[in-house]
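Read through the structure below, which is laid out as structure tokens, and then see the notes.
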Amino acid sequence: MKESKTDGLIIKAISGFYYVEVADKIYECKARGAFRRDKSAPLVGDLVTISLSQKGYPVIDKIHPRKNFLVRPPMANIDNIVIVCSTVSPSPNYTVIDKMISTAVYNDMEPVIVISKSDICPGDELFDIYQKTGMRTIIYSAVTGEGIDEIYSILPNKITAFIGNSGVGKSTLLNKLFPDFNLKTGEISEKLGRGRHTTRTVELFKTMDGYVCDTPGFSTVQLERFNIIDKDSLQYSFPEFQDYIGNCKFTSCSHTCEKGCAVIEGVKQGEIPVSRHNSYVEMYNEIKDIKEWERKK
């Protein structure tokens, strides 16, 4: 058999093997060593060209240009990020949620906030905060089915990643949406107050002419694990700041503590949620002294 080439989508990566979907067939592939040398390993979500041969594994020859990518979870070409946060067990961590939102906005991904466990504790406070930012915000209950239809509506023809702290109910939500997935779910550790990590790998599941992805959960988020946003660009990853940027007294305003800051005035007037500004200040202070050479790509 003469070697042939074809294009496909990486739907899963495990221990150096890449599973590439070509039409309705899945090929288990290896990647050329050049990708490791160039520190440009293929990611789930990559469109790639593979070589097929009778001998050995199919080989990934080329990674097509990406429109975006994340370091954690490691995946590319994401259209939507569904950020799942629970009303209780674990309680919402606003800074973690806001870091995920900023990462999505900065990388041209559409953030969607899904508030889970509303049947246990109402999610009105969370809903009010994130609806005010202009982002799509959905209250969801696995018990009543509230919010399911609205979540379905964002999925067709898109690659959608579900992300969030461990224990917020990502896998439970996906199982509710697509029972055939049969994803593993975990209980909440009472001692630690967070969920066990039941999702170990990143994998795309084909559905509704698109793909959805459950991702490994985590309990904390460090900005340096993502594509780091520089301090001057951070303000643009908070959509509700946009009407205020450029109206500050000082052109070099960091929007953290300066007198005459239009963003801070927006917070005082109740137009910008306090928790969102607090997250911005924490993130700004975290990244302001990071040098360019220190950034992890």
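The figures that follow rest on heavy atoms only: side chains count, while hydrogens, waters and symmetry mates do not.
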At their closest point, which heavy atom of Met135 faces which heavy atom of Pro111, and how far apart are they?
SD-CG, 3.6 Å
side-chain contact (heavy atoms from CB on, under 4.5 Å) for Asp124 and Ile139? Distances and angles first, verdict last.
CA-CA 8 Å; Asp124 297 344; Ile139 294 180; 4.3 Å; yes
Going by the angle between their ring planes, with limits at 30° and 60°, are Tyr280 and His255 parallel, tilted or perpendicular?
tilted
State, to 0.1 Å, how close Ala104 and Ile81 come at their nearest heavy-atom pair, and which atoms those are.
CB-CD1, 4.1 Å
Is the shortest side-chain N to carboxylate O distance from Glu286 to Lys99 below 4.0 Å?
yes
Under the criterion side-chain contact (heavy atoms from CB on, under 4.5 Å), I'd like the reasoning laid out for Asp79 against Thr160: C-alpha separation, chi angles, the key distance, then a yes or no.
CA-CA 6 Å; Asp79 297 303; Thr160 302; 5.6 Å; no
List the steps and the verdict of side-chain contact (heavy atoms from CB on, under 4.5 Å) for Val20 and Leu9.
CA-CA 5 Å; Val20 178; Leu9 179 74; 5.8 Å; no
Shortest non-hydrogen separation from Lys259 to Lys249 and the atoms involved
O-CB, 4.2 Å
Which word best sums up how the rings of His277 and Phe241 line up, parallel for under 30°, tilted for 30 to 60°, or perpendicular for over 60°?
tilted
Do any N or O atoms from the side chain of Ser118 and from the backbone of Pro122 form a donor-acceptor pair under 3.5 angstrom?
no
Can you see whether Thr95 engages Asp98 through a side-chain donor-acceptor pair at a distance of less than 3.5 angstrom?
no
Taking the side chain as C-beta and beyond, is there a heavy-atom pair between Val168 and Pro90 under 4.5 Å?
yes
Are any side-chain N or O atoms of Thr172 and backbone N or O atoms of Gly169, one a donor and one an acceptor, separated by less than 3.5 Å?
no
Is there side-chain contact between Ile50 and Lys5, with at least one heavy-atom pair below 4.5 Å?
no
Does either side chain, that of Thr49 or that of Asp7, offer a donor lying less than 3.5 Å from an acceptor on the other one?
yes
I need the Ile163 CD1 to Cys213 SG distance, nearest 0.5 Å.
9.0 Å
Closest heavy-atom contact between Ile60 and Ile10?
CD1-CD1, 3.9 Å
Applying a strict under-4.5 Å side-chain criterion to I, L, V, M, F, W and Y, I'd like to know whether Val59 and Val22 cluster together.
no
If you round to the nearest 0.5 Å, how far is NE2 of His64 from CG of Leu47?
4.5 Å
Taking the side chain as every heavy atom from C-beta outward, state whether Leu52 and Thr6 have any pair of such atoms under 4.5 Å apart.
yes
Would you confirm whether the ring centroid of Tyr57 sits within less than 6.0 angstrom of the ring centroid of Phe17?
yes
Are Val114 and Cys85 side-chain neighbours, meaning at least one heavy-atom pair lies under 4.5 Å?
no
Side chain of Asn77, backbone of Lys67: donor and acceptor closer than 3.5 Å?
yes
Under 4.5 Å between side-chain heavy atoms, hopping through other hydrophobics if needed: is there a path connecting Val202 to Ile63?
yes
Can you find a pair of side-chain heavy atoms, one from Ile138 and one from Ile115, that are under 4.5 Å apart?
no
For Phe35, give me all partners under ring-ring contact (aromatic ring centres under 6.0 Å, His included), at least two apart in sequence or on another chain.
none
Those residues that, when tested against Leu43, pass side-chain contact (heavy atoms from CB on, under 4.5 Å) (two or more places apart)
Asp46, Arg66, Phe69, Pro74, Ala76
Partners meeting salt bridge (charged side-chain N to carboxylate O under 4.0 Å, His left out) with Lys288 (sequence neighbours left out)
none
Is any side-chain heavy atom of Pro92 closer than 4.5 Å to one of Ile97?
yes
Do Ile148 and Leu174 land in one hydrophobic cluster if side-chain heavy atoms of ILVMFWY residues count as linked below 4.5 Å?
yes
Take Val212 and Leu204 through the test side-chain contact (heavy atoms from CB on, under 4.5 Å) and record every step on the way to the result.
CA-CA 6 Å; Val212 299; Leu204 297 181; over 6 Å; no
Pairing donors with acceptors under 3.5 angstrom, does anything connect the side chains of Tyr284 and Asp232?
no
Using side-chain heavy atoms (C-beta onward) and a distance below 4.5 Å, is Ser102 in contact with Val105?
no
Within the 4.5 Å heavy-atom criterion, are Ile101 and Arg276 side-chain neighbours or not?
yes
Does atom CD of Gln242 have more than 12 heavy-atom neighbours, drawn from other residues, nucleotides or ligands, at distances under 6.0 Å?
yes
CZ of Arg136 to CG of Asn80, rounded to nearest 0.5 Å, is 8.5 Å
Kindly determine whether Tyr211 and Glu21 satisfy side-chain hydrogen bond (donor to acceptor under 3.5 Å, both in side chains), including the steps that lead there.
CA-CA 12 Å; Tyr211 297 84; Glu21 181 184 87; 2.3 Å; yes
Could you state whether Phe238 and Ile264 fall into the same hydrophobic cluster, counting links through intermediate Ile, Leu, Val, Met, Phe, Trp or Tyr residues with side-chain heavy atoms under 4.5 angstrom apart?
no
Applying side-chain hydrogen bond (donor to acceptor under 3.5 Å, both in side chains), name anything that partners Ser254, two or more places apart in sequence or on another chain.
Thr256, Glu258
Supply the atom-to-atom distance Tyr244 OH to Cys253 SG, rounded to the nearest 0.5 angstrom.
14.0 Å
What is the minimum heavy-atom distance between Lys117 and Gly167, and which atoms define it?
NZ-O, 2.8 Å
Assert yes or no for the condition that the ring centre distance of Tyr106 to Tyr236 is strictly below 6.0 Å.
no
Restricting to salt bridge (charged side-chain N to carboxylate O under 4.0 Å, His left out), what partner residues turn up for Glu265, sequence neighbours left out?
none
Looking at Tyr19, is Lys12 sitting on its ring face, NZ or CZ under 6.0 Å from the six-membered ring centre and within 45 degrees of the normal?
yes
Minimum heavy-atom distance between Leu126 and Ser86, given as atom pair plus value
CD1-O, 4.1 Å
Point-to-point distance, once rounded to the nearest 0.5 Å, from CZ of Phe127 to NZ of Lys132
12.0 Å
Using only atom types and a distance under 3.5 Å, with no angle test, would you say the side chain of Thr137 pairs donor to acceptor with the backbone of Ile113?
no
Hydrophobic side-chain clustering at under 4.5 Å (ILVMFWY, transitive links): who's grouped with Ile120? Put none if nobody.
Val88
Any chain of hydrophobic side-chain contacts (each under 4.5 Å) joining Phe205 to Phe178?
yes
How long is the span from the OG1 atom in Thr103 to the CD1 atom in Ile78, to the nearest 0.5 Å?
10.5 Å
